[in-house]
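What follows is a short report on a single structure.
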Amino acid sequence: MTARTTPPWPTAGLSFGGDYSPEQWPREVWHEDVRLMREAGVNLVTVGVFSWGLLERAPGEYTWEWLDEVLDLLHRNGIAVDLATPTAAAPSWLVAAHPEIRAVDRQGIVRQSGERLGWCPDSPVFREHATRIVEAVAERYGSHPAVRLWHVSNELGGGNGRCTCANSTAAFRDWLRAHHESIDALNDAWGTAFWGHTYTDFDEVSLPRGPRDGAPNPGLFLDAERFSSDSLLAHYLHEKTVIERHSAVPVTTNFMVGAASQTVDYAAWAAHVAIPANDHYTLVDDPRREQDLAAAADRMRGITRGRGPWLLMEHSTGGPSWQERNRAKEPSELVRNALTHVARGSDGALFFQWRASTAGAEQFHSAMLSHAGTRTRIWREVTALGRAMQALAPVQGSVVEPARVAIVVDDPSGWAVQSGLKPHRALSYARELRAWHRAFFDRQVLTDVVPVDADLDGYDVVVLPTLLVVDDATAARLSAVVDRGATLVVTYLSGVADEHARIRTGGYPGAFRDVLGAWSEEFTPLQRGERWSLDDGEVVTDWAEAVLVTAADVVLAYTDGPLAGRPAVTRRHAGAGDAWYVSAMLSDDSIQRLVDRIVADRAIPRTVTGPPGLEAVRRVGRDGSAFLFLLNHRADPVTVVASGTDLVDGSVHGPETIVPAGRVRVLREERAA
Amino acid sequence: MTARTTPPWPTAGLSFGGDYSPEQWPREVWHEDVRLMREAGVNLVTVGVFSWGLLERAPGEYTWEWLDEVLDLLHRNGIAVDLATPTAAAPSWLVAAHPEIRAVDRQGIVRQSGERLGWCPDSPVFREHATRIVEAVAERYGSHPAVRLWHVSNELGGGNGRCTCANSTAAFRDWLRAHHESIDALNDAWGTAFWGHTYTDFDEVSLPRGPRDGAPNPGLFLDAERFSSDSLLAHYLHEKTVIERHSAVPVTTNFMVGAASQTVDYAAWAAHVAIPANDHYTLVDDPRREQDLAAAADRMRGITRGRGPWLLMEHSTGGPSWQERNRAKEPSELVRNALTHVARGSDGALFFQWRASTAGAEQFHSAMLSHAGTRTRIWREVTALGRAMQALAPVQGSVVEPARVAIVVDDPSGWAVQSGLKPHRALSYARELRAWHRAFFDRQVLTDVVPVDADLDGYDVVVLPTLLVVDDATAARLSAVVDRGATLVVTYLSGVADEHARIRTGGYPGAFRDVLGAWSEEFTPLQRGERWSLDDGEVVTDWAEAVLVTAADVVLAYTDGPLAGRPAVTRRHAGAGDAWYVSAMLSDDSIQRLVDRIVADRAIPRTVTGPPGLEAVRRVGRDGSAFLFLLNHRADPVTVVASGTDLVDGSVHGPETIVPAGRVRVLREERAA
Amino acid sequence: MTARTTPPWPTAGLSFGGDYSPEQWPREVWHEDVRLMREAGVNLVTVGVFSWGLLERAPGEYTWEWLDEVLDLLHRNGIAVDLATPTAAAPSWLVAAHPEIRAVDRQGIVRQSGERLGWCPDSPVFREHATRIVEAVAERYGSHPAVRLWHVSNELGGGNGRCTCANSTAAFRDWLRAHHESIDALNDAWGTAFWGHTYTDFDEVSLPRGPRDGAPNPGLFLDAERFSSDSLLAHYLHEKTVIERHSAVPVTTNFMVGAASQTVDYAAWAAHVAIPANDHYTLVDDPRREQDLAAAADRMRGITRGRGPWLLMEHSTGGPSWQERNRAKEPSELVRNALTHVARGSDGALFFQWRASTAGAEQFHSAMLSHAGTRTRIWREVTALGRAMQALAPVQGSVVEPARVAIVVDDPSGWAVQSGLKPHRALSYARELRAWHRAFFDRQVLTDVVPVDADLDGYDVVVLPTLLVVDDATAARLSAVVDRGATLVVTYLSGVADEHARIRTGGYPGAFRDVLGAWSEEFTPLQRGERWSLDDGEVVTDWAEAVLVTAADVVLAYTDGPLAGRPAVTRRHAGAGDAWYVSAMLSDDSIQRLVDRIVADRAIPRTVTGPPGLEAVRRVGRDGSAFLFLLNHRADPVTVVASGTDLVDGSVHGPETIVPAGRVRVLREERAA
């Protein structure tokens with residue numbers, strides 16, 4: 001990763017706004033929009049997503065007037081534009097003329113019109129048409145003063161990932177040729193001798209198709225996932241190249257980085273975006289959704305490898321519409337959600353979307369401006385947030401205080417854990433990450449959620465939750481943190497398979513058993529409802545292993561069940577470093593106790609000392625300024641030791657401050673020089 | 001709706017019988033059939049459904065002998081025939097020769113042979129062959145004295161609704177051309193700017209295809225539903241026209257009207273049938289299935305707009321075979337079920353089917369004559385019912401006493417509620433209707449379940465359960481009942497969307513917020529298992545809204561949860577009228593209390609005063625005669641104030657009568673002139 | 001069934017080993033394999049399954065060297081080979097060149113590459129290629145001294161059963177022509193008049209396709225199942241014929257016989273295998289999986305009609321990988337599982353597989369040699385089992401002591417119970433079999449689980465669990481056991497349908513109501529969670545009937561519910577014989593009491609008298625030697641009256657012996673001459 005210069009940020013001050021779709025409204029509404037945007041403090045809107053069919057109503061025939069007018073109107077009102085290339089939805093005439101551009105999913109079902117991102121990223125026909133519209137848009141608006149950021153397409157992969165059409169199949173074969181020295185090398189890497197799948201030519205390989213719970217060769221599966229990510233990235237890079245022929249404005253695309261599972265490997269994409277941007281939505285039935293959000297933000301920071309501020313491109317003001325029961329947000333949850341992202345490194349908070357649509361698939365999705373308009377709680381909270389964002393201008397450009405704990409998350413491992421025939425087919429990759437992240441979160445200890453190839457030098461604690469897929473060199477690099485005196489926490493299934501998803505023999509977890517001083521002879525997943533007790537008084541569910549210790553101490557052992565008396569958690573001391581093996585799915589309480597012990601052992605300071613649900617993160621400026629974000633997700637007020645001036649309301653605090661229930665304080669701290 | 005003359009009823013006295021399939025049995029059985037039909041009091045049977053392959057074993061080659069013989073035999077024995085055109089199942093030779101006639105569902109799956117109604121209603125090839133056989137049947141039997149009713153095909157739409165084949169796609173585009181002034185008008189109506197689906201030509205529009213939980217454009221979805229209904233109706237009308245070229249006998253087709261959800265919009269079909277006919281089956285695990293049945297019958301009466309008696313064409317004597325655990329009916333449930341339909345307006349009670357089949361998909365479906373024959377409880381109850389139907393001959397031609405309460409049910413709203421991305425994707429349209437209907441049912445207050453375009457002049461109370469889709473003019477007409485001094489009850493989601501499924505802005509429920517004097521700023525659906533308390537001691541589940549009152553009183557308010565202190569139910573008084581807004585999913589008890597209050601406020605008399613589960617409905621003749629149906633669905637006897645002579649057993653009652661547990665009384669009342 | 005000579009057994013002594021896939025490993029591992037095989041006592045391995053692509057890398061170009069070397073190595077080390085024809089997986093080049101060989105399932109989905117058994121058994125192209133490779137393998141190795149058994153393909157039907165491609169459709173029509181005298185006879189047999197499916201030509205018939213819960217004509221469905229079984233059998237027979245042109249070594253194929261449900265009708269296949277072989281895996285969440293295993297073994301013995309020892313070809317040492325949570329086996333469960341099969345007639349115990357794969361779909365499946373190698377519990381138990389198998393050599397060739405109880409299991413009945421529209425669509429055919437088998441198993445009473453055409457002469461008790469489909473002659477033969485003084489137990493749904501799945505009229509169960517002296521007028525399935533009480537204090541769930549008694553005594557009657565006072569279980573005495581009708585789904589306790597009564601009535605001796613979970617089976621040699629297998633599946637030691645010398649550890653026992661918890665004893669008994 002080479003150092004890179006930070007591009008100009010699209011707004012002066014933190015960015016605030018959302019997706020703006022004037023094409024869904026008559027012109028008279030546009031003026032009301034801009035007036036209300038100003039009232040709310042909006043300074044950045046994303047325009048043009050899904051506008052292809054309106055800009056180009058027949059091949060090569062463009063209609064720019066409405067967009068000219070919108071951009072001019074916004075510019076006149078001081079609102080910057082994040083201009084989208086409109087390729088997320090192919091125009092109806094294109095799909096009608098070229099149905100072969102449609103993506104085909106892993107069940108062999110052709111994506112239908114009436115969706116979005118229904119096109120195959122490997123389609124030469126689509127690419128040709130996409131190039132033309134992108135070129136036309138970039139040429140026309142590449143120097144427009146309103147345009148401060150380019151937004152390539154939209155959520156690439158959300159609909160067109162994992163295409164299995166003929167074009168994708170051909171592209172996959174080429175990708176395989178580039179990634180395997182020969183067909184025999186591929187046969188060896190994938191172990192195709194099993195079930196007699198030996199190939200004699202790359203052209204015999206097909207993308208995996210079958211039922212959702214099918215079991216393709218694990219190596220094939222993993223390469224197909226990697227190919228899909230690379231193929232979508234290639235599309236992004238193509239559009240970026242076209243834009244850059246006509247514009248010097250920075251280019252990005254909106255990621256969909258969540259706590260764990262992802263459609264593509266954004267850790268590989270991030271180097272190619274000028275300003276990393278993310279869309280994040282919580283699951284309404286998640287009781288700890290504020291922590292999911294924090295984990296996603298911490299991961300976004302990890303993916304961008306500390307390049308500085310990133311941009312929250314989409315989140316919601318209230319209920320989404322794609323879940324079963326789209327819960328409204330609780331009072332002030334909107335503000336807390338936005339500021340969690342800011343606290344964790346976003347220099348802005350944008351929403352999908354500005355004005356709630358009255359038609360279309362997402363007509364019931366919440367927005368900054370509800371169907372009911374401005375006389376609503378949402379509008380009051382949006383405008384309050386807008387004021388807060390303006391007050392937080394001093395935070396711009398500061399970075400999140402360095403974390404001393406890293407949690408490693410890896411897309412290939414996530415893909416592999418949740419596919420194929422596994423010892424336990426119902427494991428969730430995100431669950432384990434979330435469990436460990438939560439234990440630090442509830443102690444106000446910041447964690448970076450980093451890719452597997454991240455630089456780990458600065459961390460005192462490195463946690464590997466179910467890092468199933470890892471190559472030898474990476475495993476050695478991860479293990480080396482123990483040698484330099486840090487703590488490594490390895491949880492079950494980590495290091496079991498290599499980069500081709502081949503299992504390492506000789507005892508699980510193959511890649512880490514030496515550093516751990518412990519190994520397992522057999523996996524012993526628990527049945528639904530089954531619980532085995534530990535000597536800390538807690539229980540293990542879902543996953544256990546028959547562990548043997550070679551050079552480690554037993555930290556937790558089973559007190560009943562078939563493994564009674566055997567270790568569940570072990571620790572090996574190696575000089576100043578130590579290596580923990582957590583071989584079982586522990587309860588939240590067990591994990592909390594382990595984390596507390598590790599935090600104490602390593603003397604890792606808490607940002608502040610508060611109860612669980614009090615979130616605390618510090619951002620620091622180049623000038624030494626420090627901003628302490630305190631978010632109280634609890635239903636009662638919290639008092640913590642903290643001093644400074646609240647940027648939002650100007651109040652002065654110290655040596656203690658009370659954060660009212662549900663509220664946020666951002667204290668500019670006076671720090672001893 | 002023009003006035004129409006009542007066609008001649010197919011039987012003298014109430015109709016009694018069922019589907020009769022002599023083609024499944026050797027000739028010797030036919031004579032036993034007729035003997036037993038006479039024993040049971042059968043006077044009408046439906047013949048010929050699914051007989052195409054036997055009547056026309058090769059194109060244009062007919063075999064009439066067996067059907068001639070059957071009709072003659074029935075006629076000689078005084079049993080009238082409801083003759084079906086045999087188009088419900090295409091003959092095997094036709095499917096083999098023309099596989100393109102098969103319907104294709106919304107998942108793109110071609111209907112297979114081995115089913116029924118597997119043909120596309122938009123197929124010209126099918127239409128051509130269907131025309132030939134219908135013409136031949138009508139020509140041969142159009143004047144046969146046994147034939148007293150024509151039965152077009154069977155349950156049209158039950159298998160071939162929502163076809164998405166190429167023929168249907170072309171027909172849909174024509175339908176759109178006829179229903180939208182231009183493609184731009186369509187773009188505007190559907191809001192296609194969302195997700196970039198703007199069309200430049202009608203030929204770019206496709207019928208929605210995709211996963212069952214997919215999210216097509218809501219306007220497209222609604223028009224596709226309407227088109228499917230119209231397309232099936234067109235098929236019916238075509239067959240009707242062919243028949244009428246050869247026969248003066250009335251033509252009908254069997255609807256599938258249930259409490260709520262429907263395949264087609266029967267409110268639009270009903271004008272085109274000479275004698276409205278319905279098939280109704282209960283769900284065996286429905287604990288209040290007698291009320292489902294009553295609601296369906298009340299809806300059948302509403303759909304037929306008070307044209308007088310309709311005909312129950314199919315129901316079951318015992319367990320069906322298409323449910324998971326096909327419960328047998330309880331003792332006398334068969335009799336009660338049949339007489340609920342008669343009480344509520346059917347001048348007959350027919351079953352699927354006369355004799356239980358030994359083969360075929362429905363071989364385990366119950367029948368009037370079981371596999372075990374005549375020495376069965378079912379046969380005893382069937383013959384008892386037959387005697388009762390004969391004794392009820394005086395009821396024939398009478399009509400159900402006018403209801404003072406109307407519940408509005410609307411197919412487009414039902415289609416919309418249960419599709420696409422909604423605030424709560426698991427809402428059941430039927431659930432809300434059933435809940436309100438039940439509260440009146442359990443108080444012996446008759447309700448008409450009417451289409452949205454029904455004349456509401458006569459009603460003191462009008463209930464709109466989740467009437468999501470409604471145009472402005474209709475909303476105004478519905479609201480006007482308040483102006484004339486009646487009670488309007490509007491429940492959540494009503495009036496939120498217009499006829500194109502576009503959301504009205506300015507506060508929910510857009511179409512009714514003025515008449516209600518209340519509005520919501522945000523929907524706040526509850527999670528599974530979540531409950532918020534009301535100040536009536538009951539709880540809200542599933543649905544709530546953040547309501548604000550402008551000109552209404554708060555009737556019920558939340559006592560906990562995020563809406564604590566805010567209104568759940570409001571009432572606006574406007575002169576003599578009032579308008580209730582029920583913004584939440586209430587418990588049965590809460591609804592019962594509201595209904596009791598409304599019934600008291602409007603002084604709506606109960607037919608009799610009995611406990612829940614005692615059903616009471618009155619039919620009145622043109623001569624002033626009155627027939628009080630008392631059905632006791634309870635496990636204990638019920639005493640009510642009622643006088644008259646029981647038509648069934650001749651007993652005389654008054655001033656009270658006891659209705660034994662599970663039994664039915666039909667009292668001919670002496671009414672003061 | 002003609003008498004047949006027993007072929008030479010592949011090993012001297014019991015067979016012990018597993019599937020061996022040297023092609024997945026480098027040559028150096030082969031030598032370790034052989035060394036460890038000897039250490040473990042392995043004397044038979046299955047080689048070559050899935051090796052087609054490695055043996056023939058292009059059409060007609062063979063690579064034999066590696067296989068030559070493997071066979072020679074094994075032979076030199078005294079390990080016999082069960083050589084597989086490699087047709088279970090078509091080579092990639094063949095699928096690429098001829099995609100039309102792929103099977104198409106009942107949902108119309110084409111099987112994809114990346115699976116196994118993806119080919120259609122009716123494909124002439126596949127047959128041609130398969131013939132060539134089988135011929136080549138048989139020619140090369142037909143006389144190799146290592147090869148002691150031929151293993152045709154692998155688990156035929158496990159992937160390619162029920163193909164609906166064009167080739168299969170054509171073959172099905174031919175099959176129908178051969179099995180029905182005319183199309184009219186077919187129409188009559190299937191009752192196609194229902195739903196108008198009358199055929200005029202065999203070429204109009206298609207194989208059933210549609211959703212998994214669809215409802216094809218029951219006669220069509222049953223014939224399609226029979227055809228699929230016959231078609232797969234024809235493939236087996238073809239390969240067998242080819243092999244026998246080049247080799248005198250016995251030919252078999254591995255069945256997948258479980259307690260009940262099966263892909264093909266192995267009762268018809270068994271006559272065609274030289275040594276019957278079976279694969280069996282337990283369901284890890286089955287709390288009585290040891291009994292499932294015993295039932296499967298008893299069925300294997302039944303299917304092979306007492307021809308003597310059979311061979312357990314595959315089972316697992318630990319967790320499988322195709323279930324959700326692949327539980328490891330409990331301590332000694334591996335040994336008990338293997339010896340249950342031996343006790344019940346297998347002269348060997350083989351595993352899938354020798355060495356755990358590191359790649360491929362089943363990379364996490366357990367094996368004799370785990371990923372962790374020899375320092376594991378599994379290896380210790382495998383080698384202990386190997387020693388035990390050697391010690392059990394005297395058992396070889398002995399047969400299981402004749403059972404006095406037969407339970408009849410029938411594939412067509414199983415297929416029919418679990419398909420189509422049934423009174424209760426969630427019934428499990430296996431459940432009823434398991435319930436009755438368990439009651440005998442827990443009393444140490446041996447049962448034979450036999451096909452419906454088995455010779456029943458020797459049995460005192462014959463149980464027919466839900467034998468839905470039965471022809472008249474068979475029903476008469478089954479009923480005749482009562483005439484000769486034995487006990488017949490008939491459970492619900494038995495005899496309801498004939499061999500074409502047509503229902504018998506006149507009262508259920510049509511085929512048996514005379515022998516039972518009882519009949520039902522109506523099925524009354526219970527709803528989920530519903531329970532009706534019996535006068536034995538137990539409850540009925542799921543299934544009940546309205547029974548009338550004509551010539552039987554009431555054994556159990558309902559005490560509540562709609563059938564209160566009516567019979568649930570009846571018994572008719574007829575001379576020395578008696579016939580029980582169990583018309584309801586009883587609890588395990590109710591069944592146990594009935595079985596205890598029947599066992600007492602017929603004075604059927606228990607093998608030993610022990611508590612439930614103590615398994616006891618005796619094998620007897622031609623020389624009068626007797627081997628008593630005692631397997632303690634309990635967590636506590638069990639003491640039983642038994643004498644003899646333990647073949648495994650040489651200990652001497654009598655007059656009592658203690659079987660420790662979880663352990664097995666095999667006593668060579670001294671029997672009085």
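Sequence lines set the chain letters: A, B, ... in the order given, protein chains first and strands last, and positions in each chain run from 1. Computed from heavy atoms alone, side chains included, the values below leave out hydrogens, waters and symmetry copies.
For residues 419-427 of chain C, a heavy-atom distance under 4.5 Å to chain B picks out C:Leu421, C:Lys422, C:Pro423, C:His424, C:Arg425, C:Ala426, given by residue number. Identified by a heavy-atom distance below 4.5 Å to chain C, the contributing residues of residues 370-380 of chain B are B:His371, B:Ala372, B:Arg375, B:Thr376, B:Arg377, B:Ile378, B:Arg380, in residue-number order. For residues 495-503 of chain C, a heavy-atom distance under 4.5 Å to chain B picks out C:Val496, C:Ala501, C:Arg502, C:Ile503, given by residue number.
Heavy atoms closer than 4.5 Å to chain B are found nowhere in C:Gln107, neither backbone nor side chain. Contact of B:Ala328 with chain C is made through backbone and side chain together, with heavy-atom distances under 4.5 Å. Residue contact with chain B, scored on non-hydrogen atoms closer than 4.5 Å, involves the backbone and the side chain of C:Asp542 alike. Using a 4.5 Å cut-off between heavy atoms, B:Ala97 makes no contact with chain C at all. Of the atoms belonging to C:Ser520, it is backbone heavy atoms, and not side-chain ones, that fall under 4.5 Å from chain B. Interface remark: B:Glu330 contributes no atoms to any contact with chain C (heavy atom separation under 4.5 Å). Looking at B:Glu362, the atoms closer than 4.5 Å to chain C (heavy atoms on both sides) sit in the backbone and in the side chain alike. Neither the backbone nor the side chain of B:Trp52 comes within less than 4.5 Å of any heavy atom in chain C. For chain B, the nearby parts of C:Arg528 are the backbone and the side chain; heavy atoms of each come within less than 4.5 Å.
Considering all non-hydrogen atoms of both residues, B:Ala361 and C:Trp195 come closest at CB-CZ3, 3.6 Å. Heavy-atom minimum distance, B:Ala359 versus C:Gly191: CB-CA, 3.6 Å. Smallest separation of non-hydrogen atoms from C:Gly210 and B:Gln112: N-CG, 4.5 Å. C:Tyr199 and B:Arg57 get closest at one heavy-atom pair: O-NH2, 3.8 Å.
Remark: C:Ala224 engages C:Arg106, C:Phe172, C:Leu207, C:Pro208 in a side chain to side chain contact (heavy atoms under 4.5 Å, CB included) (not counting sequence neighbours).
For CD of B:Glu28, the number of neighbouring non-hydrogen atoms (other residues, nucleotides, ligands) closer than 6.0 Å is greater than 12.
Note that CG of B:Leu94 and OG1 of C:Thr200 are 11.0 Å apart. Values are rounded to the nearest 0.5 Å. Note that CZ of C:Phe523 is 11.5 Å distant from CG of B:Asn326, once rounded to the nearest 0.5 Å.
A donor-acceptor pair under 3.5 Å is formed between the side chain of B:Ser92 and the backbone N or O of C:Thr198.
Ranked by heavy-atom pairs under 4.5 Å with chain B, the list C:Leu526, C:Asp213, C:Leu548, C:Val205 is led by C:Leu526. Taking C:Tyr508, C:Trp543, C:Trp190 one by one and counting their heavy-atom pairs under 4.5 Å with chain B, the maximum is reached by C:Tyr508.
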*Please step through side chain to side chain contact (heavy atoms under 4.5 Å, CB included) for the pair B:Glu324 and C:Gln527, ending with a clear verdict.*
CA-CA 9 Å; B:Glu324 185 183 286; C:Gln527 300 305 299; over 6 Å; no
*asked:* Between C:Glu530 and B:Arg327, is the salt bridge (charged side-chain N to carboxylate O under 4.0 Å, His left out) condition met? List the steps.
replied: CA-CA 11 Å; C:Glu530 205 171 10; B:Arg327 182 202 293 275; 3.6 Å; yes
